[in-house]
There are 2 protein chains.
Amino acid sequence: MENPFVRKMERHVRLAPEDRAVLDGLGRQHVRHVAARQDIEGQQSDPSHTHLILDGWACRYKQFPDGRRAIVALLLPGDLCDPFVFRRAHMDHAIGALTSVTVARIAPDQLGDAIRGRPAVEECLWREMLATTALHREWIASVGRRSAIERLAHLFCELHLRLARVGLADGMTLPMPVTQPDLADALGQTSVHINRTLKELRISGLVALRSRRLTIRDLDGLMERGLFDPAYLQLS
Amino acid sequence: MENPFVRKMERHVRLAPEDRAVLDGLGRQHVRHVAARQDIEGQQSDPSHTHLILDGWACRYKQFPDGRRAIVALLLPGDLCDPFVFRRAHMDHAIGALTSVTVARIAPDQLGDAIRGRPAVEECLWREMLATTALHREWIASVGRRSAIERLAHLFCELHLRLARVGLADGMTLPMPVTQPDLADALGQTSVHINRTLKELRISGLVALRSRRLTIRDLDGLMERGLFDPAYLQLS
DNA sequence: ACGACGACTTAACACAGGTTGGCGCACGTT
DNA sequence: AACGTGCGCCAACCTGTGTTAAGTCGTCGT
């Protein structure tokens, strides 16, 4: 069974069997479990390795001195925590597990070795980086100019696409293992208001959320409500 | 006189004279002027070149169907509009001139040629990319979890650092050639509220803003007010 | 079956920030 | 000098979202 990373990368470019094997190998070594609400990487650290999420959800977040938390990105299975490690950058944020998570530790030169002589691998890693920064931009636009209900609708559309890409969406229903306070910190709101907004989406027949699974009842309606345009994810 | 791009890059790594010359050369060809409020790159285009800002301010923005505009990044002299062109990505946003702007058009392979055989150049371009994504993260956190006055204070601190880095800050005063509606779209607020907030910062003696120039009267106070931690800009 | 715990839900109230609209200044044009 | 225009500034009012504080529900361990 291939890991979700390979499945995602194949969406970017056509991979030869050896390319696939190399990428798959990255996710098979140094597998580690992290409990929910534990940090995978602290806010002040100088990480020497990167992590590949194999299972569970994590997030990139910034914690303010007074306790406020801003989640600046959600990390799903198949996502690479920090493709830049080999530049030995200092962390300006933390990476935390939202659910219990399994990750593979990857040393910087393993990534370098994987790329060397394999243009397709390099290409798909680049494309992945492009998609990630496009996602960042979309989040800034979302928090800056979308209303509460638009934001939530937009996020659900985004997650649907991202999870489908790694084979984790079952048609129109997807896992949604995070709490409402988590969603609030990701969308720049309070959990109470997330709850209100969720109710509104439910009443208008766009989604259903039960026992940590989200079902999209009306994808077109949801996309319209969230001003969602799938183009930005660069799925060539 | 060196262009601002070179000055910024030198902050990342030590450059040999030939490295400097190569970077400087990038800003000397195909110089073009763009009038204020004109697009440098449209929202639907497939850009074949990148642009280096030599003078004036521009922004990366997304326009919503109903007219709302979200500015997701400010581009200052020395900033590269899109270092990724060589991956032929589709634009998911536009780049617009906020003031009148002079740019240099750069072809994808010119960048490639500049890097080839010059590890220092490659290194500083990487570092620049890291700093840019760190900036994106900080903006998400800002719009998501900072109050109006914190956001504005934080932005002013950021601009002070970024402009100083390219030699455009005159001690504690810096050019601020954008209108209040522009600031509003960058910070996810209305121009009226920007105005209120500006007044508050002025009254508390933190800044003064007159004839398109901002003077920071109390940098420590401003940093504290905006929860500003300069570490994220990765100025090694 | 019971209690405990965590997460969800709701209601009442408060307030930060949005909306609308008007005034004035600086500057460029004629 | 008169006029137009773009921008800063301000006040009155309004509303979306935050705050606080109770519940309620589901799950798990005993």
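Letters A, B, ... are given to chains in the order of the sequence lines, protein chains preceding strands, and every chain is numbered from 1.
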Contact state string [nucleotides 15-20 of chain D, B base, S sugar-phosphate only, - no protein heavy atom under 4.0 Å]: --BBBB
Using atom CZ of B:Arg37 as one end and atom C1' of D:dT5 as the other, report the distance to the nearest whole Å. 13 Å
Residues that B:Asp39 engages under side-chain hydrogen bond (donor to acceptor under 3.5 Å, both in side chains), provided they are two or more places apart: B:Tyr61
Using five base pairs at each end to define the local axes, how bent is the helix from C:dA1-D:dT30 to C:dT30-D:dA1, to the nearest 10°? 40°
Side chain to side chain contact (heavy atoms under 4.5 Å, CB included) filter on A:Leu183, not counting sequence neighbours, yields A:Leu155, A:Val178, A:Ile194
Can you name the residues that form a salt bridge (charged side-chain N to carboxylate O under 4.0 Å, His left out) with B:Arg137, not counting sequence neighbours? A:Asp92
Any side-chain N or O of B:Gln180 less than 4.0 Å from the OP1 or OP2 oxygen of D:dC9? yes
Write down the distance between CG (B:Leu152) and P (D:dG8), rounded to a whole number of angstrom. 13 Å
Using the test salt bridge (charged side-chain N to carboxylate O under 4.0 Å, His left out), find all partners of A:Arg225 that sit at least two apart in sequence or belong to another chain. none
Show me, pair by pair, the donor-acceptor contacts under 3.5 angstrom made by side chains of residues 198-214 of chain A, not counting sequence neighbours?
unit_1   : atom_1 : unit_2   : atom_2 : d
A:Ser204 : OG     : A:Glu200 : O      : 2.7
A:Ser204 : OG     : A:Leu201 : O      : 3.3
A:Arg213 : NH2    : A:Thr173 : OG1    : 3.1

Do you know the tightest heavy-atom contact between A:Gly78 and A:Pro4? N-CG, 3.7 Å
List in chain and number order the residues that pass side-chain hydrogen bond (donor to acceptor under 3.5 Å, both in side chains) with A:Gln29, two or more places apart in sequence or in another chain; answer none if no residue qualifies. A:Gln110
Rounded to whole Å, the CG-C1' distance (B:Asn195 to D:dG6) equals 15 Å
Sorted by chain and number, sequence neighbours left out, salt bridge (charged side-chain N to carboxylate O under 4.0 Å, His left out) with A:Arg146 holds for A:Glu138
Taking any heavy-atom pair under 4.0 Å as a contact, classify A:Arg210: base, sugar-phosphate, or nothing. nothing
Sorted by chain and number, sequence neighbours left out, ring-ring contact (aromatic ring centres under 6.0 Å, His included) with B:His154 holds for B:Phe228, B:Tyr232
Chain B vs DNA chain C, heavy-atom contacts under 4.0 Å, first-to-last nucleotide span, 5' to 3', is C:dG17 to C:dT20
What pairs of residues pass the side-chain hydrogen bond (donor to acceptor under 3.5 Å, both in side chains) test when at least one of them lies in residues 65-74 of chain A, not counting sequence neighbours? A:Asp66-A:Arg68, A:Arg68-B:Glu150, A:Arg69-A:Asp182, A:Arg69-A:Asp185
Quick check on A:Glu224: does its CD atom have over 12 non-hydrogen neighbours (other residues, nucleotides or ligands) under 6.0 Å away? no
